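Some notes on the structure that comes next.
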4 protein chains.
Amino acid sequence: MADDYQSPRPIYMQIVDKIMLQVARNELKPGQKLPSVREMAIESGVNPNTVQRTYGELERMQIVETKRGQGTFITKNKEIVEEMRKKLQFEVVDQFISKMKELGMTEAEMIDQLHYYMKEREGE
Amino acid sequence: MADDYQSPRPIYMQIVDKIMLQVARNELKPGQKLPSVREMAIESGVNPNTVQRTYGELERMQIVETKRGQGTFITKNKEIVEEMRKKLQFEVVDQFISKMKELGMTEAEMIDQLHYYMKEREGE
Amino acid sequence: MADDYQSPRPIYMQIVDKIMLQVARNELKPGQKLPSVREMAIESGVNPNTVQRTYGELERMQIVETKRGQGTFITKNKEIVEEMRKKLQFEVVDQFISKMKELGMTEAEMIDQLHYYMKEREGE
Amino acid sequence: MADDYQSPRPIYMQIVDKIMLQVARNELKPGQKLPSVREMAIESGVNPNTVQRTYGELERMQIVETKRGQGTFITKNKEIVEEMRKKLQFEVVDQFISKMKELGMTEAEMIDQLHYYMKEREGE
DNA sequence: GTGGTCTAGACCACA
DNA sequence: GTGGTCTAGACCACG
């Protein structure tokens with residue numbers, strides 16, 4: 001459903017990405033309950049194993065907490081959420097700068113390119 | 001050598017990336033001969049099969065031409081090289097914009113972030 | 001099995017040809033699962049690597065899609081299948097016309113030859 | 001020059017093809033002298049080894065005779081030339097019929113296709 | 001179970 | 001010497 005079997009990115013990580021994004025945008029709020037593994041599997045048209053792995057990964061990152069017998073919840077720890085948000089941003093910007101530098105571009109050129117392609121996207 | 005065995009990106013694609021970058025920066029010039037499969041294998045510390053795959057991939061992209069018994073050469077077709085260069089740039093910028101938008105940022109904020117992290121990197 | 005080790009055409013391409021033909025003749029239908037790499041390897045009496053290459057090639061041609069952990073499937077995109085069918089036909093006819101013209105033959109003569117050799121083959 | 005380093009067909013066979021065609025069309029006449037290996041190599045922009053192999057192949061087919069110290073000549077044996085001409089034709093037609101049959105086409109359909117693509121080529 | 005990558009080592013035709 | 005193909009066998013992440 002929201003997953004791409006072709007992409008080189010593993011499906012379970014695609015779902016991780018999606019959830020992290022929803023958290024970062026506050027669409028999923030601290031303390032909110034996530035769908036059960038089975039529900040999410042059906043929703044996403046994916047094997048329950050895959051969702052299990054997604055939740056495991058999110059738990060490792062402390063973005064999510066599993067309460068036995070109750071389900072899986074977004075952490076209430078706002079520091080962690082904030083940290084994650086910053087890390088997401090940082091990674092995007094950092095990767096952009098690194099790659100543009102590899103291509104031999106200066107900061108001014110990066111901004112030029114940015115303007116140029118933003119215009120091309122207008123109306124989206 | 002220049003490859004990372006941990007990266008999820010396959011080694012043969014890492015070498016593809018490296019060569020494409022060298023072409024984009026004109027460090028590898030149109031018509032120039034690449035090291036033979038065996039030489040490159042030793043240089044890169046990988047199996048010749050892996051390099052073979054790299055060269056095959058580059059040939060599919062028309063960045064490289066192979067002449068039987070003579071070796072593998074950067075294409076002399078400058079249009080293809082230019083197109084590739086643009087595509088590389090576009091992908092980087094496009095991905096940046098998409099991800100930043102997903103994070104809910106405006107163009108002004110993107111440029112802010114860019115400035116901010118560029119300063120942090122000063123001296124590199 | 002269905003491959004010819006003497007032919008100048010690589011084995012993996014012979015298998016590609018065979019599958020494309022089966023698709024063109026609708027013996028392999030859109031969405032249908034192909035044998036796993038290992039199964040096909042045994043069926044065809046070749047190394048799994050060789051089949052892997054075959055499937056990779058077919059995927060590049062978009063005739064086949066691979067879903068992680070599930071297997072390899074004929075594309076459901078009927079346009080691509082139809083396009084492939086036409087391309088196969090075109091290539092055969094085009095090559096025939098080109099070569100016959102090189103031999104200095106007119107259209108009438110081509111048809112004559114066609115009739116003549118078709119009769120010779122009767123009963124096949 | 002007249003050779004294609006990209007084609008899967010070996011260069012020496014591409015030259016063989018070219019010469020056979022010239023003989024079939026009587027552009028090269030029985031008894032006529034071919035250029036020396038060195039001349040032909042320069043003409044064709046190819047390694048002399050490659051031309052050597054070409055002449056060897058043509059000699060094996062008895063289309064050409066080498067007279068020591070004099071050079072290489074098209075055979076005067078018109079039967080062989082005629083046989084070759086027929087064989088060339090046969091192979092083209094035979095391959096066409098085989099492949100069209102593999103695609104599941106009847107004789108009528110073959111002729112249809114032939115007409116169709118001949119029209120498309122008009123003006124060439 | 002699936003496909004994907006990699007190594008090691010071999011053989012081949014071609015230039 | 002060059003690239004191209006193939007086998008055998010291994011390991012991996014993924015579903």
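As the structure is a prediction and not an experimental result, all values here were calculated from the model. Per chain, numbering begins at 1; letters A, B, ... match sequence-line order.
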Query - From CA spacing to verdict: side-chain contact (heavy atoms from CB on, under 4.5 Å), C:Q62, C:T75 - result: CA-CA 7 Å; C:Q62 298 181 301; C:T75 182; over 6 Å; no
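Contact record, C:A24 with C:L88: CB-CD1, 4.0 Å, taken as the closest heavy-atom pair.
Contact between the side-chain N/O atoms of C:T66 and the OP1/OP2 oxygens of E:dG3 is not found at any separation under 4.0 Å. For C:T72 and E:dG3, the shortest distance from a side-chain N or O to OP1 or OP2 is below 4.0 Å.
Atom-to-atom, CE of B:M40 to P of F:dG3 comes out at 10 Å; the value is rounded to the nearest Å. Here F:dT5 presents its C1' atom at 14 Å from CD of B:E59, a figure rounded to the nearest Å. The distance between atom CG of B:L58 and atom P of F:dG3, rounded to the nearest whole Å, is 13 Å. Spacing between atom CD1 of B:I42 and atom C1' of E:dT7 amounts to 15 Å, rounded to whole angstrom units. Rounded to an integer number of Å, the gap from B:E57 CD to E:dC6 P is 12 Å. Note: CD (C:Q14) to C1' (F:dT5) measures 12 Å, nearest angstrom. A straight line from OH of C:Y55 to P of E:dG4 spans 11 Å, rounded to a whole angstrom.
Nearer the 5' end of DNA chain E, as judged by each residue's closest nucleotide, is the contact made by C:G56, out of B:P48 and C:G56.
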Query - Contact state string [nucleotides 9-15 of chain E, B base, S sugar-phosphate only, - no protein heavy atom under 4.0 Å] - result: B----BS
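Under the 4.5 Å side-chain criterion, counting only non-hydrogen atoms from C-beta, D:M84 is in contact with D:I63. Side-chain contact between C:K86 and C:E83 is absent, with no heavy-atom pair separated by less than 4.5 Å.
Residue pairs meeting the side chain to side chain donor-acceptor pair (under 3.5 Å) criterion with at least one partner in residues 46-58 of chain D, sequence neighbours excluded, are D:E57-D:R60. Every pair passing side chain to side chain donor-acceptor pair (under 3.5 Å) that includes a residue from residues 27-42 of chain B is listed here, sequence neighbours excluded: B:R25-B:E27.
In this view, C:E82 and C:R85 satisfy the salt bridge (charged side-chain N to carboxylate O under 4.0 Å, His left out) rule, not counting sequence neighbours. Taking A:K87 as the reference, A:E91 meet the salt bridge (charged side-chain N to carboxylate O under 4.0 Å, His left out) condition, with sequence neighbours excluded.
A donor-acceptor contact under 3.5 Å links the side chain of B:Q52 to the base of F:dG4.
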Report summary line: Dot-bracket assigned to DNA chain E with the 3.5 Å Watson-Crick/G-U criterion, [ ] for crossing and | for other-strand pairs, is ||||||||||||||.
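With a 6.0 Å radius and a threshold of 12 heavy atoms from other residues, nucleotides or ligands, A:Q70 has its CD atom above the threshold.
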